[in-house]
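Only one structure is covered here, and it is reproduced in the block below.
Chain A is the first sequence line, chain B the second, and so forth, proteins listed ahead of strands; every chain is numbered from 1. No experiment lies behind these values; they were computed from the predicted model shown.
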Amino acid sequence: MPELPEVETVVRGLRPVLVGRTLQGLWCDWPRAVHSPSLEEFADRVRGQRVLAVERRAKYIVIQLEHDYLLVHLKMTGRLYVSPCDRVQEADRWVHVRFPLDGAEELRFSDSRKFGRVYLTSNPTRITGDLGPEPLAEAFSAAEFAQRLKLRDKGIKALLLDQTFIAGVGNIYADEALFRARIHPLTRSRDLTDAQITTLYETVRAALADGIAREGASVNWYRKADGSRGSAQDSLFVYGRAGQPCRVCGTPLQKIRVAQRGTHFCPSCQSFEGV
DNA sequence: CGGACAACCTGGCGGC
DNA sequence: TGCCGCCAGGTTGTCC
């Protein structure tokens with residue numbers, strides 16, 4: 001679920017409550033959630049390390065420790081937050097990993113579908129090394145986007161979802177960016193005009209930036225680090241709005257299957273001949 | 001290289 | 001209410 005804007009929002013919420021804290025160890029009731037190293041080594045190594053920074057790379061939460069990096073990928077339903085650890089009434093049934101902190105609190109990783117993973121590594125590029133550029137990075141230009149796009153030839157929606165092409169775009173924001181650019185999701189990347197490519201560069205960034213400004217889209221499981229919802233779901237143009245009128249032209253929105261993902265678009269605004 | 005599909009998992013929802 | 005099938009913000013591996 002969480003895409004770049006949601007992960008960025010979680011990171012911003014965690015930063016003030018986590019930086020400076022010391023991790024005391026590792027508790028886990030679902031060993032597969034710990035990708036690497038082994039549970040034993042993970043617990044030994046993480047114990048006593050202070051949190052120096054909380055950052056984001058694509059959809060990974062990157063927690064810089066004194067000697068290692070703790071990476072977390074939320075996948076579809078993961079949540080990461082700090083909470084008191086002495087609660088008798090446990091509201092969250094899906095906590096599978098806990099990192100006790102100083103001061104009777106703990107960093108929790110909760111994940112109902114159990115797809116999410118945590119990693120501990122001294123070299124995070126071993127995990128994030130194949131990821132494409134950050135679409136919101138200052139240094140990421142329209143020219144670079146166009147250049148990278150022209151090296152590939154596949155359906156544009158599938159390309160936007162490809163994390164080695166652009167890092168951080170997921171199903172919601174891919175649909176939103178394509179709608180804003182008035183590009184049909186099945187268009188082959190080689191068939192895009194230069195003008196469409198430039199527009200898409202802008203709309204990808206705008207859709208993501210708006211998502212961050214609204215603190216993420218709480219369509220289902222996503223919550224901010226403090227447990228509250230974002231508001232981006234209330235201002236989406238097409239995602240989750242099949243059958244409802246297009247906010248621009250009023251035509252009923254359609255939902256189809258593209259790259260094995262539910263794909264929402266306006267058949268009028270995003271027709272193949274719509275340019 | 002690209003596309004299709006299965007896996008990994010559980011929960012929520014609509015239909016009957 | 002209960003059961004069933006379908007769907008879900010992601011990624012990875014396999015096969016063609």
Side-chain angles (χ1 to χ4, degrees), chain A residues 1-11 29-36 56-61 71-80 91-97 109-119 127-132 135 148-178 185-191 204 207-208 210-212 214-224 229-243 255-264:
Chain A
M1 154 243 79
E3 306 179 33
L4 186 155
E6 289 74 34
V7 178
E8 178 64 28
T9 303
V10 169
V11 162
D29 75 345
W30 180 254
R32 300 184 70 164
V34 176
H35 180 277
S36 58
R56 178 190 60 74
R57 172 69 175 111
K59 300 173 192 172
Y60 287 87
I61 296 163
L71 270 59
V72 179
H73 199 301
L74 303 175
K75 292 289 177 78
M76 300 286 265
T77 55
R79 295 175 181 172
L80 191 68
D92 189 341
R93 307 157 41 196
W94 303 287
V95 179
H96 296 303
V97 182
F109 175 64
S110 157
D111 187 10
S112 70
R113 282 180 76 177
K114 299 180 175 173
F115 286 172
R117 297 288 182 265
V118 302
Y119 313 72
I127 294 156
T128 61
D130 290 336
L131 294 168
R148 291 178 65 82
L149 194 143
K150 287 176 178 178
L151 296 173
R152 310 290 294 272
D153 182 25
K154 64 193 231 179
I156 187 59
K157 167 138 184 191
L159 190 55
L160 290 177
L161 292 176
D162 182 341
Q163 300 298 294
T164 67
F165 172 64
I166 292 280
V169 176
N171 205 36
I172 292 179
Y173 296 97
D175 283 2
E176 294 298 307
L178 288 169
L186 287 171
T187 309
R188 294 205 65 84
S189 55
R190 284 276 167 80
D191 292 338
V204 164
L208 294 172
D210 284 357
I212 293 173
R214 292 176 178 275
E215 301 184 293
S218 292
V219 170
N220 190 355
W221 287 86
Y222 162 71
R223 294 294 183 276
K224 294 157 59 181
R229 293 166 168 268
S231 65
Q233 69 279 2
D234 300 327
S235 58
L236 299 175
F237 286 103
V238 289
Y239 183 86
R241 299 192 64 243
K255 181 176 181 182
I256 58 175
R257 207 91 188 153
V258 178
Q260 290 76 242
R261 310 297 300 276
T263 297
H264 315 71

* Asked: Is any side-chain nitrogen or oxygen of A:Gln163 closer than 4.0 Å to OP1 or OP2 of C:dG10?
  -> no
* For residues A:Lys59 and A:Leu74, determine if any side-chain heavy atom of one lies less than 4.5 Å from a side-chain heavy atom of the other. => no
* **Whole-Å distance separating the CZ atom of A:Arg32 from the C1' atom of C:dG10** => 16 Å
* Nearest-Å distance, CG (A:Asp130) to P (C:dT12)? -> 9 Å
* Under the 5.5 Å and 30° test, is A:Phe115 stacked on the base of B:dC8? -> yes
* Asked: Given B:dG11, C:dA8, B:dC9, which nucleotide is nearest the side-chain atoms of A:Met76?
  -> C:dA8
* Around atom CG of A:Asp234, are there more than 12 heavy atoms of other residues, nucleotides or ligands at under 6.0 Å? -> yes
* To the nearest Å, give me how far apart CD (A:Glu3) and P (C:dT11) are. => 9 Å
* Look at the side-chain N and O atoms of A:His73 and state whether any lies under 4.0 Å from the OP1 or OP2 oxygen of C:dG10. => no
* Under a 3.5 Å cut-off for both distances, is C:dG5 Watson-Crick or wobble paired, and to whom? -> B:dC13
Close N or O pairs between protein and nucleotides 2-4 of chain B (under 3.5 Å):
{"from": "B:dG2", "atom 1": "OP1", "to": "A:Arg152", "atom 2": "NE", "distance (Å)": "3.3"}
{"from": "B:dG2", "atom 1": "OP1", "to": "A:Asp153", "atom 2": "N", "distance (Å)": "3.1"}
{"from": "B:dG2", "atom 1": "OP2", "to": "A:Arg152", "atom 2": "NE", "distance (Å)": "3.2"}
{"from": "B:dG2", "atom 1": "OP2", "to": "A:Arg152", "atom 2": "NH2", "distance (Å)": "3.1"}
{"from": "B:dG3", "atom 1": "OP1", "to": "A:Gly155", "atom 2": "N", "distance (Å)": "3.2"}
{"from": "B:dG3", "atom 1": "OP1", "to": "A:Arg188", "atom 2": "NH1", "distance (Å)": "3.3"}

* To do: Report yes if some heavy atom in the side chain of A:Thr77 is under 4.5 Å from a heavy atom in the side chain of A:Trp94; otherwise report no.
  => no
* Do the ring planes of A:Trp30 and A:His96 sit parallel (below 30°), tilted (30 to 60°) or perpendicular (above 60°)? -> tilted
* Asked: Any side-chain N or O of A:Lys75 less than 4.0 Å from the OP1 or OP2 oxygen of C:dT11?
  -> no
* Asked: Starting at CD of A:Glu6 and ending at C1' of C:dA8, how long is that distance when rounded to a whole Å?
  -> 14 Å
* A:Trp94 CH2 to B:dG11 P, straight-line distance once rounded to whole Å -> 6 Å
* Asked: Can you check the A:Leu161 CG to C:dA8 P distance for me, whole Å?
  -> 13 Å
* **Distance, P atom - from B:dC5 to C:dC6, rounded to whole angstrom** => 15 Å
* **Distance, P atom - from B:dC9 to C:dC4, rounded to whole angstrom** => 22 Å
* **Short side-chain N/O contact from A:Lys114 to OP1 or OP2 of B:dC8, under 4.0 Å** => no
* Asked: Should A:Lys255 be listed as having a side-chain N or O under 4.0 Å from OP1 or OP2 of C:dC6?
  -> no
* Remember a base hit wins even if backbone is also touched, and classify A:Tyr173 as base, sugar-phosphate or nothing at under 4.0 Å, heavy atoms. => nothing
* Asked: Touch check for A:Arg257, heavy atoms < 4.0 angstrom, all strands: base, sugar-phosphate only, or nothing?
  -> sugar-phosphate
* Taking the side chain as every heavy atom from C-beta outward, state whether A:Tyr173 and A:Leu160 have any atom pair closer than 4.5 Å. => no
* **Nucleotide C:dC7, atom P - distance to CZ of A:Arg113 in whole Å** => 13 Å
* List the steps and the verdict of side chain to side chain contact (heavy atoms under 4.5 Å, CB included) for A:Ile256 and A:Leu186. => CA-CA 10 Å; A:Ile256 58 175; A:Leu186 287 171; 4.1 Å; yes
* Answer with base, sugar-phosphate or nothing: what part of the nucleic acid does A:Gly216 contact at a heavy-atom distance below 4.0 Å? => nothing
* In whole angstrom, give the distance that lies between atom CG of A:Asp111 and atom P of B:dC8. => 16 Å
* Asked: Counting only side-chain N and O atoms of A:Trp221, is one of them less than 4.0 Å from OP1 or OP2 of B:dG12?
  -> no
* Are any non-hydrogen side-chain atoms of A:Asp175 and A:Lys157 less than 4.5 angstrom apart? -> yes
* Structure fact -> Residues at least two apart in sequence or cross-chain that pass salt bridge (charged side-chain N to carboxylate O under 4.0 Å, His left out) with A:Arg152, listed by chain then number, are A:Asp162
